[in-house]
Protein chains: 2
Amino acid sequence: MAGKTPVRAIDVARTSGVSRATVSRAFTEGSSISEAKLRRVLEAADALGYRPNAIARTLTSRKSGIVGIVIADLVNPFYAKVLETTCLKLQERKLASLLLSGADAHNLDTLLPQLLSYQVDGVIVAAATLSSRLADRCAERGLPVVQLNRYSELDHVNVVCCDNIRGGRMVAEHLLGIGRQRMAFLAGIENTSSSRDREIGFRSGLAQVGLDLKARDVGNYVYRDALDATQRLLSRKPRLDALFCANDAMAIAAVDVARSLKIKVPEELAIVGFDNTPPASSQAYSLTSVDQNIDQMVDQAVAMIVAGSPPTGQRAQKIFLASRLEVRNSTSGGATKVVRG
Amino acid sequence: MAGKTPVRAIDVARTSGVSRATVSRAFTEGSSISEAKLRRVLEAADALGYRPNAIARTLTSRKSGIVGIVIADLVNPFYAKVLETTCLKLQERKLASLLLSGADAHNLDTLLPQLLSYQVDGVIVAAATLSSRLADRCAERGLPVVQLNRYSELDHVNVVCCDNIRGGRMVAEHLLGIGRQRMAFLAGIENTSSSRDREIGFRSGLAQVGLDLKARDVGNYVYRDALDATQRLLSRKPRLDALFCANDAMAIAAVDVARSLKIKVPEELAIVGFDNTPPASSQAYSLTSVDQNIDQMVDQAVAMIVAGSPPTGQRAQKIFLASRLEVRNSTSGGATKVVRG
DNA sequence: CTGAAAGCGCTTACAG
DNA sequence: CTGAAAGCGCTTACAG
């Protein structure tokens, strides 16, 4: 219960015989303070176990050092990795991560204001899509916002995104290269820019050689829905010979369905996923998949947050990163090779 | 850049013709305020777009509404799920989650104080182990701490843990039940209570029928190390007929190695994992695994945080939860069945 | 470089 | 139920 009265700046000031202002300076990077006093203050602080109260500091300095992270689905290993990387890179810069999970368009309206009430210095939104009203609210406050892995038209929303169109086209070219002709696309959640652009790129790749998609279905980015969708796709006659799924979870479902139908992968059906998550590299699936380079994505996002909100009237940055096709057994019988795009 | 001056309580007070104190009361659950004023304040607040500044509130009320979550490894789907569940359950109670990722014993000493400087109301530590010095620091402040999925002897650290000994014993009984005799254990990280207790339970289950472990090795809870360890274990003569791995990632490695050695699973080698993560239920692995009931674990942990630190001199709670064996094809050729323990 | 003073935006006894 | 006042622990112009 208790809770001893914590040590405050004034205590350190008294012990080291300086003013509170000087104690504050000792804990502020790059503020003017003499070597001697700095040392004295730090010693006293250490002896007393003093750490500046970040909350009080926030109130006066108007910088919380907290970045809000909004993430839709942590069960997807891609987003788990994104979160871990983001959190780590923020920690490196001594920034803290306030997490909002399970965010969909619906509840974000009530959840985000709570996040903002903690005076976050910026918001990184992965997977969920910010409404324009919410984005405006952030812009009004001069709060930098970056949308990760979802494109947004909104003027003051920064975007870091994989070039999904190019990624889709790369997949088409790879499948054409191994002689496939009758191809289908398994969409993620309709109306997400990621699924849409992957499809656009895929189709355009096929169009280059005069081919069209033979079929398409929707798996909502999740295993269960993809199971049903693949079942439908694979029962078509004549048989498909390649299937591009908008993420790995769905591609894994596709492999499972193919196996249960005794369709040989890759001989009779080539399967490609997206995100190159750990399950894709597992021996039992060995899935060809498009890799997004999470590290680079997050680096950009963090840099945008640190850079702050763009000056009024100026448009936020939209960055598209190249992806890489990791070729595995689900499209090629043999050894692993990599195609850069 | 800009950032309009945000609306403060005083603005709402003026607009609605009341004092700042009354505005504050309007936003404080269960404080005495008349219906009429409540309505008037809320209307004005809505019109002006006012939200109380949680940082300022923290400074005066000494409750931040923030819970610190320390997690070692988000790439492990078990912990990703733990984090998501925790965050969601905290949100339900209007509590925020401040995340510390990639925490090991080493860097926790520097990272946790940063977390504490944000005046968190409690700390949930998953997977990493708190040093006794750190735990004391929290106790001094009257800060409730709960250690998830790792046992801790420390007096003022709450614990929510799966009954790993019982879990290990359950696995032994299951394997004995399907006629296995030559069994090995693949440990996680040595010196973690989880790996140690799973092994103790497993051994004690075998001991009940006079059997002993034929071999053991260490996989550090990760796929790569488990690959090598399993390779060693499976090259032994006479052959093992069952392998219990302290988590799923290692069990999956074991399946991969067995397959590459053309050892039939489960006919020649039964394999059991722990945590019942999504990959375990995938068709290609169909792994028998011990399920920990994350929901229940997190419920308990959150309840402990909300209850606050135990009165001085009193020992914190240590809760052990029952687990459940999910039987799949890696130990039984046929259909899925469940054993409660 | 250093200190005294004001102030960040709220809540909380204290009176009434 | 309501308001005036003090104060939470810090930082930041302002002088010196």
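Sequence lines set the chain letters: A, B, ... in the order given, protein chains first and strands last, and positions in each chain run from 1. Every value quoted in this text rests on a predicted model; they were computed, and no experiment measured them.
Looking at heavy-atom distances under 4.0 Å, B:F27 makes no contact with the nucleic acid at all. Among the protein residues, B:A21 comes within range of the nucleic acid bases, having at least one heavy atom under 4.0 Å from a base atom. If you check every strand for non-hydrogen atoms under 4.0 Å, B:S32 touches a base.
Taking atom NZ of A:K37 as the reference point, atom C1' of C:dG3 lies 9 Å away to the nearest angstrom. Taking atom CZ on B:R8 and atom C1' on C:dG9, their separation rounds to 8 Å, with Å as the unit. Atoms CZ (A:R14) and P (C:dG3) sit 14 Å apart, rounded to a whole Å. Atom pair A:N53:CG and D:dT11:P shows a separation of 9 Å (rounding to whole Å applied). Counting to the nearest Å, the C1' atom of C:dG9 and the CD atom of B:Q119 are 16 Å from each other. Straight-line distance from the OH atom of B:Y118 to the C1' atom of D:dG9: 15 Å, rounded to whole Å. Rounded to whole Å, the distance from CZ on B:R57 to C1' on C:dC8 is 16 Å. Rounded to a whole Å, the NZ atom of B:K63 is 16 Å from the C1' atom of D:dC8.
With hydrogens and angles left out, the side chain of A:R25 and the base of C:dG3 share a donor-acceptor pair within 3.5 Å.
In this structure the side chain of A:V302 reaches within 4.5 angstrom of the side chain of A:R93, judged on heavy atoms. Contact of the A:L321 side chain with the A:M297 side chain is registered, since non-hydrogen atoms from C-beta on lie closer than 4.5 Å. For the pair A:V157 and A:V146, the minimum side-chain heavy-atom distance is 4.5 Å or more. Side-chain contact check for B:V12 versus B:V41: some heavy-atom pair is nearer than 4.5 Å.
Look at A:S34 and you'll find a side-chain N or O under 4.0 angstrom from OP1 or OP2 of C:dT2. Taking side-chain N and O atoms only, B:S19 has a distance below 4.0 Å to OP1 or OP2 of D:dG3. Listed pair B:R62 / D:dG9 meets the phosphate criterion, a side-chain N or O lying under 4.0 Å from OP1 or OP2. At least one side-chain nitrogen or oxygen of B:S24 sits closer than 4.0 Å to the OP1 or OP2 atom of C:dT11. Contact annotation: A:T22 reaches the phosphate of C:dG3 (side-chain N/O to OP1 or OP2, under 4.0 Å).
Among D:dT11, D:dG3, C:dT11, the nucleotide with an atom closest to any side-chain atom of B:T28 is C:dT11.
A distance of 10.5 Å separates CD in A:E84 from CG in B:L83, rounded to the nearest 0.5 Å. Rounded to the nearest 0.5 Å, atoms CG (B:L100) and OG (A:S97) are 8.5 Å apart.
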A correct dot-bracket answer for DNA chain C, with pairs being Watson-Crick or G-U at under 3.5 Å, [ ] for crossing pairs and | for inter-strand pairs, is |||.||||||||.|||
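At a threshold of 4.0 Å, the pair A:E35-A:R39 counts as salt-bridged, since one of the basic side-chain nitrogens sits closer than that to a carboxylate oxygen.
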